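Everything on this sheet refers to the single structure shown next.
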Amino acid sequence: VSLIIGTTTVTGATNGYFLYNNAGLLGALPVSGIALTPLTTLYVDFAIGNDTTGNGSISTPYKTISKAVTIGNATAAAYTLEISPNSYTDTTITITQPCVIHGNGATYTLTTLTLNQFFSVYDINIVGNVVDATGSLSIFGNFYDVNVLGNFTVNANGYMSCINSSFTGNGASNGLITIGAGAVFSVNDSVLGAQVANYYVRIVNSGTLYLVGSDLFANDNANYAITSSAAGSAFSGGTSIVVQAGTGGGVNISNGATTN
């Protein structure tokens, strides 16, 4: 599907829905009337950027992702980050406005990336933990061509999808990927691999895991590749589940949970 956008004058409501496709977030769709609100684009370049004198433009970019996120969050609107290929390091980052990140092959090392809003990320290596929300918000996010080394949590009622990506555990126990109450994690054409962990994927409280054309494996220190309880569901299509010398077997289903 192609969408060609020309010059548009908009009046009316500003609250509504966000439009996005596989190329990222397109803009805002008001409740009354149709409009596409241009995104704020902020540029980050570790080599030539400056967090003090930069303004986030392509010619005077910011130096760090944290600075760009702080500015983007303050816009109270959707924004895009264009990241130049390099290595970036932060501690804890929280996304509070709808955000699209184009990583262009960059590596981003941080302690925790917390998502409190719609989040879409492309072509980046994330070293650290990703949490979709700290509260009861329903968070929607997409990961394309992304490599994550760290734990990944989809909290209550969240929805996360990944395409052509890889998720690898960082050694923390009790699950690399945790899917919470009413949450969905959809995995397409991707690789999920546990390192030293008790479980690879933990599905709790009616969470759902969709695996399509993907590979899920646990190494010789993992008890289960998948563990599911409290009516959680694991769906597998065109997927291989491999446990290499695991001590507890490949899939643990209990307490009314189902697998198809």
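The first residue in the sequence is number 1, and the count goes up from there. These numbers were taken from a predicted model, which means no experiment stands behind them.
- A heavy-atom distance below 4.5 Å is not found between the side chains of Ile179 and Thr208.
- Asn116 has its side chain within reach of Thr94: a pair of non-hydrogen atoms, C-beta onward, lies under 4.5 Å apart.
- Under the 3.5 Å distance criterion, with hydrogens and angles disregarded, a donor-acceptor pair is assigned to the side chains of Asn125 and Asn147.
- In this structure, a donor-acceptor pair under 3.5 Å is present between the side chains of Ser57 and Asn55.
- The closest side-chain heavy-atom distance from Leu81 to Tyr79 is below 4.5 Å.
- A pairwise comparison of heavy atoms in Tyr88 and Lys63 identifies CE2-O, 3.6 Å as the closest pair.
- Atoms OG and CG, from Ser59 and Asp45 in turn, are 11.5 Å apart once rounded to the nearest 0.5 Å.
- Between the side chains of Asp90 and Tyr108, at least one donor-acceptor pair of N or O atoms lies under 3.5 Å.
- Considering only heavy atoms from C-beta on, Cys162 comes within 4.5 Å of Phe167 through its side chain.
- When atom types are taken as modelled, the side chain of Thr75 and the backbone of Gly72 share a donor-acceptor pair closer than 3.5 angstrom.
- A 4.5 Å side-chain heavy-atom check between Phe143 and Phe119 finds at least one atom pair inside the cut-off.
- Going from atom CD1 of Ile95 over to atom CD of Gln117 covers 10.0 Å, rounded to the nearest 0.5 Å.
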Q) Do Ile71 and Val69 pass the side chain to side chain contact (heavy atoms under 4.5 Å, CB included) test, and can you show the C-alpha distance, the side-chain angles, and the key distance before you say yes or no? A) CA-CA 5 Å; Ile71 298 299; Val69 167; over 6 Å; no
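- In this structure the side chain of Phe118 never reaches within 4.5 angstrom of the side chain of Gln97, judged on heavy atoms.
- Atom OG of Ser186 sits about 7.5 Å away from atom CD1 of Ile163, to the nearest 0.5 Å.
- The side chain to side chain contact (heavy atoms under 4.5 Å, CB included) test with Leu110 singles out one residue from Ile65, Ile126, Val127, Thr92, and that residue is Ile126.
- Put simply, CD1 on Ile93 and CG on Leu113 are 7.5 Å apart, with the number rounded to the nearest 0.5 Å.
- Remark: the backbone N or O of Asn188 is paired with a side-chain donor or acceptor of Ser190 at under 3.5 angstrom.
- In terms of heavy-atom proximity, Val146 sits nearest to Ser165 at O-CB, 2.9 Å.
- Checking Asp123 against Asn104 by side-chain atom types alone, no donor-acceptor pair falls below 3.5 Å.
- Residues Leu42 and Glu82 fail the side-chain proximity criterion, which asks for heavy atoms closer than 4.5 Å.
- With 3.5 Å as the limit, one finds no donor-acceptor pair spanning the side chains of Ser161 and Tyr159.
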Q: Just do the side chain to side chain contact (heavy atoms under 4.5 Å, CB included) check on Tyr122 and Ile124 with the steps written out, would you?
A: CA-CA 6 Å; Tyr122 302 80; Ile124 194 170; over 6 Å; no
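- Side-chain atoms of Thr114 and Thr112 form no donor-acceptor pair, as typed in the model, at a separation below 3.5 Å.
- Using modelled atom types, one finds a donor on one side chain and an acceptor on the other under 3.5 Å when comparing Asn73 with Thr96.
- Considering only heavy atoms from C-beta on, Ile48 comes within 4.5 Å of Pro61 through its side chain.
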Q: Could you go through the side chain to side chain contact (heavy atoms under 4.5 Å, CB included) check for Ile83 and Tyr43 one step at a time?
A: CA-CA 6 Å; Ile83 312 298; Tyr43 292 84; over 6 Å; no
